[in-house]
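Encoded as C-alpha coordinates, the structure appears first; notes follow it.
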Amino acid sequence: MAIAPRPFSREFLATDTLAAARALIGARIARGSGPSACVGRIVEVEAYIGQEDLACHARFGYTKRNAVMFGPPGAAYVYLVYGMYHCLNVVTEAAGRPAAVLIRAVEPVLGASEMRAARLRAALGRSPRMEADAVARTRRRIETLPAAALASGPGLVCAAFSIDRHDDGRDLCDEGSDLRLELSDADEQLAVETGPRIGIDYAPEPWRGRPWRFYVPGNRAASGIPAK
DNA sequence: GCAAAGATTTGCT
DNA sequence: GCAAATCTTTGCC
(Lines give C-alpha, C1' and ligand atoms only; values in the text may rest on other atoms or scores of the structure.)
Protein backbone atom coordinates (compact mmCIF):
# COMPACT_ATOMS: atom_id res chain seq x y z
CA MET A 1 0.00 0.00 0.00
CA ALA A 2 1.24 3.41 -0.96
CA ILE A 3 2.23 6.01 1.59
CA ALA A 4 -0.09 9.00 1.44
CA PRO A 5 1.67 12.15 0.21
CA ARG A 6 1.34 15.33 2.24
CA PRO A 7 1.13 18.88 0.94
CA PHE A 8 4.30 20.97 0.79
CA SER A 9 4.65 23.26 3.81
CA ARG A 10 3.61 26.84 3.08
CA GLU A 11 5.37 28.04 6.24
CA PHE A 12 8.62 26.70 4.85
CA LEU A 13 8.15 28.54 1.55
CA ALA A 14 7.44 31.71 3.50
CA THR A 15 10.93 32.12 4.95
CA ASP A 16 14.05 31.64 2.83
CA THR A 17 13.83 31.25 -0.97
CA LEU A 18 17.20 29.51 -1.32
CA ALA A 19 16.29 26.97 1.36
CA ALA A 20 12.91 26.50 -0.31
CA ALA A 21 14.56 25.96 -3.69
CA ARG A 22 16.82 23.27 -2.28
CA ALA A 23 13.91 21.61 -0.49
CA LEU A 24 11.80 21.58 -3.65
CA ILE A 25 14.37 19.26 -5.26
CA GLY A 26 12.90 15.81 -4.79
CA ALA A 27 9.42 17.12 -3.96
CA ARG A 28 6.57 16.14 -6.24
CA ILE A 29 4.32 18.10 -8.49
CA ALA A 30 0.90 16.57 -9.10
CA ARG A 31 -1.88 17.34 -11.58
CA GLY A 32 -5.38 15.90 -11.36
CA SER A 33 -6.47 12.74 -9.58
CA GLY A 34 -7.57 9.23 -10.40
CA PRO A 35 -6.32 7.23 -13.36
CA SER A 36 -5.37 10.28 -15.44
CA ALA A 37 -3.30 11.89 -12.67
CA CYS A 38 0.24 13.04 -13.43
CA VAL A 39 2.98 13.09 -10.80
CA GLY A 40 6.62 14.05 -11.21
CA ARG A 41 9.69 14.53 -9.06
CA ILE A 42 11.31 17.95 -9.27
CA VAL A 43 14.98 17.63 -10.28
CA GLU A 44 15.96 21.16 -11.32
CA VAL A 45 14.92 24.62 -10.05
CA GLU A 46 16.12 28.23 -9.95
CA ALA A 47 15.56 30.93 -7.33
CA TYR A 48 14.55 34.52 -8.22
CA ILE A 49 14.66 36.74 -5.18
CA GLY A 50 13.29 40.24 -4.80
CA GLN A 51 13.34 43.50 -6.75
CA GLU A 52 17.08 43.82 -6.14
CA ASP A 53 17.72 40.61 -8.13
CA LEU A 54 18.19 42.06 -11.63
CA ALA A 55 17.42 38.69 -13.22
CA CYS A 56 13.99 38.53 -11.53
CA HIS A 57 10.77 39.60 -13.22
CA ALA A 58 10.14 41.78 -10.17
CA ARG A 59 13.12 44.02 -11.02
CA PHE A 60 10.72 46.57 -12.59
CA GLY A 61 8.47 46.51 -9.56
CA TYR A 62 4.85 45.41 -9.44
CA THR A 63 3.31 44.73 -12.86
CA LYS A 64 0.24 42.94 -14.09
CA ARG A 65 2.31 39.91 -15.14
CA ASN A 66 4.25 39.44 -11.91
CA ALA A 67 1.43 40.38 -9.52
CA VAL A 68 1.21 36.87 -8.05
CA MET A 69 4.85 37.01 -6.97
CA PHE A 70 3.95 39.87 -4.64
CA GLY A 71 1.24 37.76 -3.02
CA PRO A 72 1.35 35.02 -0.38
CA PRO A 73 3.76 32.05 -0.64
CA GLY A 74 2.64 28.76 -2.14
CA ALA A 75 0.91 30.30 -5.15
CA ALA A 76 1.77 29.35 -8.72
CA TYR A 77 3.30 32.15 -10.79
CA VAL A 78 2.81 31.18 -14.44
CA TYR A 79 3.88 33.37 -17.35
CA LEU A 80 4.41 33.11 -21.10
CA VAL A 81 7.99 33.29 -22.43
CA TYR A 82 9.03 33.92 -26.01
CA GLY A 83 5.40 34.11 -27.00
CA MET A 84 5.02 30.33 -26.97
CA TYR A 85 6.03 28.55 -23.81
CA HIS A 86 4.79 28.76 -20.25
CA CYS A 87 6.97 28.66 -17.13
CA LEU A 88 5.85 27.54 -13.66
CA ASN A 89 7.15 29.14 -10.46
CA VAL A 90 6.41 28.56 -6.79
CA VAL A 91 5.97 31.87 -4.95
CA THR A 92 8.10 32.20 -1.80
CA GLU A 93 8.62 34.64 1.10
CA ALA A 94 6.04 36.79 2.82
CA ALA A 95 3.35 38.65 0.89
CA GLY A 96 4.71 41.98 -0.32
CA ARG A 97 8.17 40.60 -1.06
CA PRO A 98 8.41 39.27 -4.64
CA ALA A 99 10.33 36.00 -4.89
CA ALA A 100 9.78 32.63 -6.52
CA VAL A 101 11.35 29.33 -7.52
CA LEU A 102 11.22 28.37 -11.21
CA ILE A 103 10.54 24.67 -11.82
CA ARG A 104 12.99 23.79 -14.59
CA ALA A 105 12.75 20.02 -14.83
CA VAL A 106 10.65 17.15 -13.53
CA GLU A 107 11.13 13.38 -13.66
CA PRO A 108 7.88 11.51 -14.43
CA VAL A 109 6.70 9.26 -11.59
CA LEU A 110 3.11 8.57 -12.62
CA GLY A 111 1.11 9.25 -15.78
CA ALA A 112 3.95 9.40 -18.32
CA SER A 113 1.59 8.45 -21.15
CA GLU A 114 -0.76 11.26 -20.11
CA MET A 115 2.20 13.67 -20.13
CA ARG A 116 3.17 12.47 -23.59
CA ALA A 117 -0.35 13.12 -24.85
CA ALA A 118 -0.27 16.60 -23.31
CA ARG A 119 3.11 17.32 -24.95
CA LEU A 120 1.62 16.34 -28.30
CA ARG A 121 -1.46 18.51 -27.77
CA ALA A 122 0.75 21.46 -26.87
CA ALA A 123 3.05 20.99 -29.88
CA LEU A 124 0.22 20.64 -32.38
CA GLY A 125 -1.86 23.39 -30.79
CA ARG A 126 1.04 25.83 -31.16
CA SER A 127 1.11 25.47 -34.94
CA PRO A 128 -2.47 24.84 -36.11
CA ARG A 129 -1.56 25.18 -39.77
CA MET A 130 1.23 22.64 -39.80
CA GLU A 131 1.47 20.54 -42.98
CA ALA A 132 0.50 16.89 -42.79
CA ASP A 133 4.07 15.57 -42.97
CA ALA A 134 5.22 18.04 -40.32
CA VAL A 135 2.43 16.82 -38.06
CA ALA A 136 3.60 13.25 -38.64
CA ARG A 137 7.21 14.18 -37.82
CA THR A 138 6.19 15.97 -34.63
CA ARG A 139 3.99 13.06 -33.61
CA ARG A 140 6.81 10.58 -34.19
CA ARG A 141 9.31 12.72 -32.30
CA ILE A 142 7.15 13.03 -29.20
CA GLU A 143 5.97 9.43 -29.27
CA THR A 144 9.56 8.19 -29.26
CA LEU A 145 10.84 10.50 -26.51
CA PRO A 146 12.26 8.70 -23.47
CA ALA A 147 10.06 9.27 -20.42
CA ALA A 148 12.87 11.25 -18.77
CA ALA A 149 12.67 13.83 -21.58
CA LEU A 150 8.95 14.53 -21.23
CA ALA A 151 9.40 17.38 -18.72
CA SER A 152 13.12 18.13 -18.99
CA GLY A 153 12.89 21.91 -19.36
CA PRO A 154 10.78 24.76 -17.94
CA GLY A 155 8.56 25.00 -21.01
CA LEU A 156 8.30 21.23 -21.23
CA VAL A 157 7.18 20.91 -17.60
CA CYS A 158 4.23 23.14 -18.39
CA ALA A 159 3.46 21.34 -21.64
CA ALA A 160 3.56 17.90 -19.95
CA PHE A 161 1.36 19.02 -17.04
CA SER A 162 -0.95 21.19 -19.19
CA ILE A 163 0.00 24.29 -17.23
CA ASP A 164 -0.89 27.68 -18.68
CA ARG A 165 -1.94 31.06 -17.36
CA HIS A 166 -5.21 29.63 -16.14
CA ASP A 167 -3.06 28.22 -13.33
CA ASP A 168 -1.51 31.61 -12.46
CA GLY A 169 -2.25 32.29 -8.79
CA ARG A 170 -3.40 28.75 -7.98
CA ASP A 171 -2.55 27.56 -4.46
CA LEU A 172 0.02 24.77 -4.79
CA CYS A 173 0.00 23.99 -1.06
CA ASP A 174 -3.70 23.07 -0.98
CA GLU A 175 -4.02 19.28 -1.19
CA GLY A 176 -7.40 19.75 -2.88
CA SER A 177 -5.91 21.80 -5.69
CA ASP A 178 -5.86 20.29 -9.18
CA LEU A 179 -2.21 21.36 -9.43
CA ARG A 180 -0.23 20.96 -6.24
CA LEU A 181 3.09 20.25 -4.52
CA GLU A 182 3.50 17.12 -2.44
CA LEU A 183 6.09 15.41 -0.28
CA SER A 184 6.33 11.65 -0.08
CA ASP A 185 8.13 9.63 2.59
CA ALA A 186 8.85 7.11 -0.14
CA ASP A 187 11.33 9.48 -1.75
CA GLU A 188 14.95 9.10 -0.79
CA GLN A 189 17.17 12.10 -0.22
CA LEU A 190 18.63 13.35 -3.49
CA ALA A 191 22.09 14.79 -4.04
CA VAL A 192 21.90 18.47 -5.02
CA GLU A 193 24.42 20.64 -6.85
CA THR A 194 24.27 24.36 -7.59
CA GLY A 195 25.32 26.60 -10.46
CA PRO A 196 24.49 29.89 -12.18
CA ARG A 197 20.98 30.38 -13.55
CA ILE A 198 20.30 29.72 -17.22
CA GLY A 199 19.08 32.16 -19.86
CA ILE A 200 19.66 35.37 -17.90
CA ASP A 201 22.57 36.89 -19.83
CA TYR A 202 20.72 40.20 -19.72
CA ALA A 203 21.38 40.46 -15.98
CA PRO A 204 24.54 42.23 -14.73
CA GLU A 205 26.87 40.81 -12.13
CA PRO A 206 26.64 39.80 -9.40
CA TRP A 207 23.19 38.48 -10.33
CA ARG A 208 24.22 36.62 -13.47
CA GLY A 209 26.78 34.54 -11.61
CA ARG A 210 24.83 33.82 -8.44
CA PRO A 211 24.68 30.02 -7.94
CA TRP A 212 20.90 30.00 -7.56
CA ARG A 213 20.22 27.02 -9.80
CA PHE A 214 19.75 23.71 -7.96
CA TYR A 215 19.73 20.34 -9.70
CA VAL A 216 20.26 16.61 -9.25
CA PRO A 217 23.64 15.84 -10.85
CA GLY A 218 23.50 13.18 -13.52
CA ASN A 219 19.72 13.01 -13.61
CA ARG A 220 18.54 12.43 -17.16
CA ALA A 221 15.57 14.75 -16.83
CA ALA A 222 17.77 17.58 -15.53
CA SER A 223 20.60 17.14 -17.98
CA GLY A 224 19.17 19.44 -20.62
CA ILE A 225 21.81 22.05 -20.01
CA PRO A 226 22.65 24.42 -22.89
CA ALA A 227 26.11 23.68 -24.26
CA LYS A 228 27.64 27.11 -23.78
C1' DG B 1 1.71 54.59 -29.76
C1' DC B 2 5.75 51.70 -31.48
C1' DA B 3 10.07 49.08 -31.26
C1' DA B 4 12.74 45.63 -28.83
C1' DA B 5 13.69 41.75 -26.20
C1' DG B 6 12.63 37.78 -23.51
C1' DA B 7 13.69 32.74 -16.85
C1' DT B 8 12.70 28.44 -24.53
C1' DT B 9 12.38 24.87 -27.80
C1' DT B 10 12.83 23.07 -32.32
C1' DG B 11 14.51 22.22 -36.85
C1' DC B 12 17.70 22.92 -40.38
C1' DT B 13 22.56 23.86 -42.21
C1' DG C 1 25.88 25.13 -34.05
C1' DC C 2 22.57 28.74 -35.35
C1' DA C 3 18.29 30.98 -36.30
C1' DA C 4 13.31 30.99 -36.49
C1' DA C 5 8.83 30.89 -34.30
C1' DT C 6 5.56 33.99 -31.73
C1' DC C 7 3.30 37.44 -28.61
C1' DT C 8 3.33 39.75 -24.20
C1' DT C 9 5.50 43.15 -21.58
C1' DT C 10 8.56 46.86 -21.06
C1' DG C 11 10.65 51.18 -22.26
C1' DC C 12 11.17 55.09 -24.91
C1' DC C 13 9.33 58.72 -28.37
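Bear in mind that the values here come from a model prediction, so they are computed numbers and not experimental data. Residue numbers begin at 1 in each chain, while the letters A, B, ... track the order of the sequences.
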- Message: By nearest atom, which of the nucleotides dT8(C), dT8(B), dT10(B) is closest to the Arg141(A) side chain?
- Response: dT10(B)
- Run the salt-bridge test on Glu175(A) and Arg28(A) with the 4.0 Å N-O cut-off and return the result as yes or no. no
- Item | Euclidean distance for C1', dG1(C) against dA7(B) (whole angstrom) | 22 Å
- So, are Arg165(A) and Asp168(A) salt-bridged, with charged N and O less than 4.0 Å apart? no
- Query: Counting any heavy atom closer than 4.0 Å, what does Arg197(A) reach on the DNA or RNA strands: base, sugar-phosphate only, or nothing?
  - Reply: nothing
- So, does the side chain of Tyr82(A) form a donor-acceptor pair with the base of dA5(B) at under 3.5 Å? no
- Task: Looking only at side-chain atoms of Phe60(A), point me to the closest of dT10(B), dG6(B), dG11(C).
- Result: dG11(C)
- NA contact type, Arg165(A), heavy-atom cut-off 4.0 Å: base, sugar-phosphate, or nothing? sugar-phosphate
- Query: Can a salt bridge be assigned to the pair Arg116(A) and Glu143(A) using a cut-off of 4.0 Å between side-chain N and carboxylate O?
  - Reply: no
- Note on the structure: The nucleotide from dG11(B), dT9(B), dA7(B) with an atom nearest the side chain of Thr138(A) is dG11(B)
- Query: Looking for any heavy atom pair under 4.0 Å, which part of the strands does Ser127(A) touch: base, sugar-phosphate only, or nothing?
  - Reply: nothing
- Among dT9(B), dT10(C), dA7(B), which is the nearest nucleotide to the side chain of Thr63(A)? dT10(C)
- If only side-chain N and O atoms of Arg126(A) are considered, is one of them under 4.0 Å from the OP1 or OP2 phosphate oxygen of dT8(B)? no
- Looking for any heavy atom pair under 4.0 Å, which part of the strands does Leu102(A) touch: base, sugar-phosphate only, or nothing? base
- Query: With a 4.0 Å cut-off, would you call Arg22(A) and Asp16(A) a salt bridge?
  - Reply: no
- Answer with base, sugar-phosphate or nothing: what part of the nucleic acid does Ala123(A) contact at a heavy-atom distance below 4.0 Å? nothing
